[in-house]
Amino acid sequence: MSTHFGSTQPTHAAILEWVKKVASLTKPDMIFWCDGTEGEKSYLLSQAVQGGVLHPLNQKKWPGCYYHRSHPNDVARAEQHTFICTENKEEAGPTNNWTEPKKMYQKLYEILQGSMQGRTLFVVPYLMGPPQSTLSKVGIELTDSIYVVLNMRIMTRVGAVAYQQLFHENGFNRGIHSLLDCSLDRRFICHFPTDNAIISVGSGYGGNALLGKKCLALRIGSVLGKKQGWLAEHMLLLCVESPSGEKFYVAAAFPSACGKTNFAMMIPPKALQGWTITTIGDDIAWMHPGSDGRLHAINPETGYFGVIPGTSRQSNPNAMRCIEKDTLFTNVAVTLDGDVWWEGKDGTPPDNLLDWQGNPWDPKSEKKAAHPNGRFTASMYNNPMLAGEVDNPQGVPIDAIIFGGRRATTIPLVFEAFNWIHGVYIGSTVSSEMTAAAFGETGQVRRDPMAMLPFCGYNMGSYFQHWLNIGRRIATPPRIFHVNLFRKDNDGNYLWPGYSENMRILKWVIGRCKNSTGASESPIGWIPSYQDLDWAGLSEVTPEKFDQLMKIDPEEWFHELTSQGELFMKIYPTLPKELIYQRELLIARL
Ligand code: GTP
Ligand code: SPV
Ligand code: MN
């Protein structure tokens, strides 16, 4: 077994010993210590191209960009194969798959036995969060996937910066990832919160394999947050600057593929002159009560692993600028001369396209050219509207939290919680139609509390309690809102134009935070009247259409309450009584 040492070597005995142990189990041909440098990047890229894992795109059109095609059964998060391994099943709770740690370790060690033979074991030290921030966390991922390494280098801070943040020998998350042959019966994404450890096998897909992201930053993170008094959330973070130069910070939780990246990179419509939005994060927020009585948030990541279909100069110009260079494209369609295409991209599809599986694509066929969950991996530093605050070790103080879901019916465009407890209730009852971001039947409505159903590393009821407790610890809590950007008319068309027009919702939200915008009381919360929103330059949403968007139909809400009740029954033993009370109040108001 040969070893390649990068420019930085850890001196920590715990790391060296652990790597040695994993190597003797998995038996790689080579151990490669990553240092995160540019020199390393060109070497890794050439290796990935040589090995057929990446294909260079046309470098004139797409400088520094590469294309990756995954195994056809490895295109999304695999919730069925995701486990929280705690001593007691109750700790994981009824919304997570559970297996006892000892049993799972045994199974995984058997699978990992010799699994890296003929391959390279990459040691990836990474930092989640800004350097020098007390809120940041260190992880080390051992992986045999060069694609994972190249993605981690974009999504996290890799190299010496991670070792520098290690304040004691064992203060890092241990992640092991092995691709195996991508067969479903040997796919396990397992979390061991007690050991601060993750083992993921059988999938190379982002959320299953980039262990800093959903595994550490959310599942393990949420458990740490519960213990240490902070929140690890599936939220975008943005800064809104008003024409007078006042800044507001907003966090928003929408389920997977329900609009976080687009919302975080929104460009306000021309008619709303003087408003600017800058992006802090597009997927994950770590939020801590600060000594000033406010909730402060950081984005632990450094890149965007974004849904590519639907991304265009029309819908998300900032994302298009962001992916112009140094981007990895996964499961999109390609041309023979190294151009890429996907559904919803500007213009007509080029001739002679190969679909995401490499087959010639017939534009007249029903088949999609790009996979609906095709993704780009791009550095946030390429975002022309990146917020200056993004590397701030203290994070930013949050003014508003917005929950949302993808619902064709029932849920109005926007409403505001009466107070923090009511807001927690609203978050706990978020629901959404399922999307291609996870395996399963897309379109089916499911409860997805705080957009964290697949990501909460412990019992959901205790998680709600934790939210209530955090509220008690902050003197000035953020206001809480709920949006539904996806309500449809009877013909199945979206009622709301969305994308940049979402600024109109955000402006109302900011107005509420400043106590300067009107709202009326409704059974479900404070709601805007037509005149409370700024309609400059937008005539397509007439007062009649707005009524449809905001309609609260008692019949539909009866079904909604039944479905909420099903979730509450499922987690009843740990469900805070405050939330049951909130539900009863809502029933009474309706
Ligand atoms: P994850 O990365 O899976 O967490 O997804 P996300 O929440 O960041 O969602 P993203 O912004 O990538 O959007 C997912 C899909 O919804 C894309 O196809 C978008 O084009 C579409 N979308 C985003 N915002 C809007 C909107 O305001 N209206 C409509 N109709 N579609 C939207
Ligand atoms: C999501 O599914 O919420 C994503 C994509 O952001 S992944 O990182 O794969 O989880
Ligand atoms: Mn996400």
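We use all heavy atoms of the structure for the numbers below, so side chains are in, but hydrogens, waters and symmetry mates are not. In listed order, ligands and their atoms are each counted from 1. It should be emphasised that the depicted structure is a prediction, and the values quoted were computed from it without experimental measurement.
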**Message:** One thing to verify: whether R157 and E301 come together as a salt bridge, which I'm taking to mean a side-chain N less than 4.0 angstrom from a carboxylate O.
**Reply:** no
**Request:** Could you tell me the residue and atom name of the protein heavy atom closest to atom 26 (C) of ligand 1, and the distance to it rounded to 0.1 Å?
**Result:** Y499 N, 3.7 Å
**Message:** Distance under 4.0 Å to a non-hydrogen atom of P309: what atoms of ligand 1 satisfy this?
**Reply:** 17 (C), 18 (O)
**Message:** For a 4.5 angstrom cut-off between non-hydrogen side-chain atoms, does Y66 reach H55?
**Reply:** no
**Request:** Could you pull out, from A257, G404, G207, the option with a heavy atom nearest to atom 3 (O) of ligand 1?
**Result:** A257
**Prompt:** Which atoms of ligand 1 are found less than 4.0 Å from any heavy atom of D283?
**Reply:** 4 (O)
**With sequence neighbours excluded, residues passing ring-ring contact (aromatic ring centres under 6.0 Å, His included) with Y67** = none
**Request:** Evaluate ring pair (Phe, Tyr, Trp, His ring centres under 6.0 Å) for Y530 paired with W508, printing each intermediate quantity in order.
**Result:** CA-CA 11 Å; Y530 183 77; W508 182 75; over 10 Å; no
**Message:** Give me the number of protein N, O or S atoms whose distance to the Mn ion (ligand 3) is under 2.8 Å.
**Reply:** 3
**Request:** Have a look at K260, R375, K214, M266 and point out the one with the heavy atom closest to atom 2 (O) of ligand 1.
**Result:** R375
**Asked** So which heavy atom in the protein is nearest atom 29 (C) of ligand 1, and how far is it from that ligand atom?
**Response** F486 CE2, 3.5 Å
**Prompt:** Is the distance between the ring centroids of Y147 and H68 under 6.0 Å?
**Reply:** yes
**Complete:** Residue set satisfying side-chain contact (heavy atoms from CB on, under 4.5 Å) with L184, at least two apart, ordered chain then number -> N73, H81, R187
**Prompt:** Tell me, which residues have any heavy atom less than 4.0 Å from some atom of ligand 2?
**Reply:** R77, Y205, G206, G207, K213, K214, H234, S256, D283, F305, R375, A437, F455
